[in-house]
Amino acid sequence: MIGQVLTAMLLGLGTCGMGAAFGRWVSRRIALPTSTNAAVALLLGIAGVGVLTLAIGHLGLLGPWVPWLIAGFGLIVGWPARKDALRFVQRAAAAIAAEARTRPLLAAGAAVAGLTALVATLAPPQRIDEVEYHWPAPLDWAASGGWTDSPFRHVDGFPLMEIIYTAAATQGSYVAAHAMSLLTMVGIGLAAAGMVQSLGLTARLPVAAAAVLMPVVWDGSYAAYNDTPGAAFTIAAAAVAVGIQRPSRAATALISALLAAAISIKPFHVVAVCCVALLLWHRFRRASLRSSATMAAVAVATVAFWSVRQWAYTGHLIDPLMFGGASGEAQARLPSRIQHLLAPIFPFVSGVLGAQEPWGARTSAVLQVFLIPSLVYLVWSGRSAFGRFGVLAGPAYLHWVVLGFVAVRTRFHIFTWVLLVPAVAYAVHHASKRWPRLGPWLDLAWTALVLLGALDVSFEMWRAINTIRT
């Protein structure tokens with residue numbers, strides 16, 4: 001177990017070093033909220049681990065020395081940014097401490113849940129997809145010393161997270177793979193907090209906690225899955241689009257890189273390109289068209305790269321299993337005709353109808369309680385208030401409608417659920433300003449629902465923790 005944790009520390013060091021370098025580049029070219037900058041730096045550091053491992057694998061040099069190389073490379077590229085990174089960490093720590101003092105119960109609940117998730121990363125692989133292909137494929141590649149036509153399904157095309165997990169697999173450390181996945185959930189929380197800052201609100205901790213403390217996000221974050229990681233990059237791209245003052249070349253390049261990483265994890269994240277383009281159009285109108293065209297071109301190039309790479313190894317441009325029909329277990333979870341008819345309104349009634357699959361109630365308790373009242377209130381309040389809500393709610397709903405008829409997993413729609421949280425937070429803030437006496441009660445209800453979410457996700461974590469072998 002000590003060796004497994006050491007591998008996680010090495011990859012974490014490499015991630016932080018590359019993230020610091022990326023964060024310095026971003027902060028000097030694009031004015032973003034602190035939380036958004038942190039999310040981008042962290043996620044680009046994780047992507048950097050994947051790119052470096054990809055290159056090493058193509059050279060046929062995968063081996064136990066890879067995590068050490070990644071750590072050393074991170075130190076080298078991150079060293080010039082050490083002072084900027086230290087100042088950033090100090091500011092972030094002060095901001096977190098200030099919010100914790102004003103919301104101690106919420107901070108304590110989120111901290112306990114986070115620490116429990118960190119312990120849960122020590123549990124051996126046990127989830128179905130993790131056991132069947134997300135982790136065995138990296139082990140097979142690590143044993144082969146490079147990339148091969150994998151005998152495991154779905155991993156020859158768009159395998160960025162499996163490639164990242166391969167860096168951990170070179171030393172047989174599933175703990176390191178779990179830790180890398182968990183870091184992407186941290187990125188989601190930071191990106192959600194950044195969106196709130198961009199909307200002019202101060203409730204970063206409540207929104208960040210509500211965005212991650214839902215089973216659809218949390219339950220797969222401390223295992224070697226790819227749903228939460230893929231969504232993290234799309235959400236960070238949306239956070240950048242909300243936070244920028246103008247669609248500059250640097251901002252366009254950053255958003256495109258984040259979306260390319262997301263597509264490299266799951267190809268259906270091309271839908272997020274349309275959603276982020278809508279967000280940019282809502283904010284900048286015709287000035288956003290060049291950025292959207294660039295994003296689309298990068299998305300096409302990303303799909304082409306992974307498809308050609310898959311063809312080189314397997315002879316197939318597209319995964320044949322994508323057209324092989326659903327298994328019996330999957331057939332049981334396909335949406336019925338009635339559910340197809342209800343699909344457009346499902347985000348608004350997810351707390352009332354359905355189960356976890358295909359489209360159900362395993363989202364945020366905050367959304368299940370506040371979403372419909374927020375819509376009613378904002379429609380009643382007028383166009384200006386609803387417009388700001390729509391900055392995030394519009395792309396979230398577009399993602400749901402476009403992907404919702406073909407993707408039958410709640411976890412495929414994390415982009416939708418997370419973007420709706422800061423949108424609802426804006427509605428709650430607006431109502432609190434209108435009726436000050438109602439504000440404390442709304443804040444109390446939000447806190448209670450987030451803590452309920454923490455309790456909800458804890459059951460699955462403790463089940464995993466009970467399997468830890470020392």
Side-chain angles (χ1 to χ4, degrees), residues 188 191-192 195 207 210-212 214-218 220 226-228 230-239 241-242 259 262-263 265-282 295 299 333-376 378-379 386-427:
I188 289 178
M195 291 184 210
V207 169
V212 298
M214 55 175 100
V216 70
V217 175
W218 194 279
N226 62 6
D227 301 290
T228 298
F233 285 94
T234 63
I235 293 162
V242 174
L259 290 172
I263 294 168
I265 294 172
K266 274 186 177 290
F268 68 64
H269 286 306
V270 294
V271 175
V273 177
C274 303
C275 299
V276 176
L278 175 64
L279 199 161
L280 289 171
W281 173 261
H282 190 285
M295 288 157 41
R333 295 188 292 191
L334 288 173
S336 65
R337 291 182 180 179
I338 293 178
Q339 286 171 323
H340 271 304
L341 293 174
L342 291 175
I345 65 169
F346 242 92
F348 314 113
V349 296
S350 63
V352 180
L353 301 174
Q356 184 172 0
E357 307 288 4
W359 302 315
R362 302 295 285 169
T363 61
S364 171
V366 167
L367 291 182
Q368 294 170 24
V369 172
F370 278 116
L371 182 56
I372 294 178
S374 294
L375 285 168
V376 173
L378 290 171
V379 170
F386 192 83
R388 296 194 69 185
F389 172 85
V391 170
L392 294 176
Y397 190 64
L398 175 65
H399 188 278
W400 172 263
V401 171
V402 172
L403 193 60
F405 287 99
V406 294
V408 295
R409 297 289 189 273
T410 312
R411 52 191 164 88
F412 288 1
H413 300 281
I414 293 175
F415 180 89
T416 295
W417 310 127
V418 172
L419 259 66
L420 285 175
V421 172
V424 167
Y426 170 75

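Taking both residues in full, the closest heavy atoms of Trp400 and Trp417 are given as CZ3-CZ2, 3.7 Å, listed atom of the first, atom of the second, then distance. In plain terms, the two heavy atoms of Val217 and Thr228 that are nearest each other are O-OG1, 2.9 Å. Nearest heavy-atom pair, Ala393 versus Ala423, reported as atom, atom and distance to 0.1 Å: N-CB, 4.2 Å. Residues Leu279 and Ala238 approach most closely at CD1-O, 3.9 Å, considering heavy atoms. Of all heavy-atom pairs spanning Val242 and Met195, the tightest one is CG1-O, 4.4 Å. Shown here for Leu403 and Phe412, the closest heavy-atom pair between the two residues is CD2-O, 3.7 Å.
Rounding to the nearest 0.5 Å gives a distance of 15.5 Å between OH of Tyr397 and CG of Leu419. Of the inter-residue distances, the one linking Ile414 atom CD1 with Met214 atom CE reads 8.5 Å to the nearest 0.5 angstrom. Separating the CD1 atom in Ile235 from the CD1 atom in Ile188 is a distance of 4.0 Å, to the nearest 0.5 Å.
Here Ser374 pairs with Phe370, Val424, Ala427 under the side-chain contact (heavy atoms from CB on, under 4.5 Å) rule; sequence neighbours left out. Remark: His399 engages Thr416 in a side chain to side chain donor-acceptor pair (under 3.5 Å) (not counting sequence neighbours). For Ala237, the side-chain contact (heavy atoms from CB on, under 4.5 Å) test picks out Ile255, Leu258, Leu259, Val276, with sequence neighbours left out. Remark: Val270 engages Ile263, Val303 in a side-chain contact (heavy atoms from CB on, under 4.5 Å) (not counting sequence neighbours). Checked against side-chain contact (heavy atoms from CB on, under 4.5 Å), Ala192 has the following partners two or more places apart in sequence or in another chain: Val207, Ala211, Val418.
Looking at heavy atoms from C-beta onward, Val216 lies out of side-chain contact with His413 at the 4.5 angstrom threshold.
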Stepwise side chain to side chain contact (heavy atoms under 4.5 Å, CB included) check, Tyr426 with Leu392: CA-CA 10 Å; Tyr426 170 75; Leu392 294 176; over 6 Å; no
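Within the 3.5 Å criterion, the main-chain N or O of Phe415 finds no donor-acceptor partner in the side chain of Thr234.
For residues 266-276, every residue pair satisfying the salt bridge (charged side-chain N to carboxylate O under 4.0 Å, His left out) rule, not counting sequence neighbours, is listed here: Asp227-Lys266.
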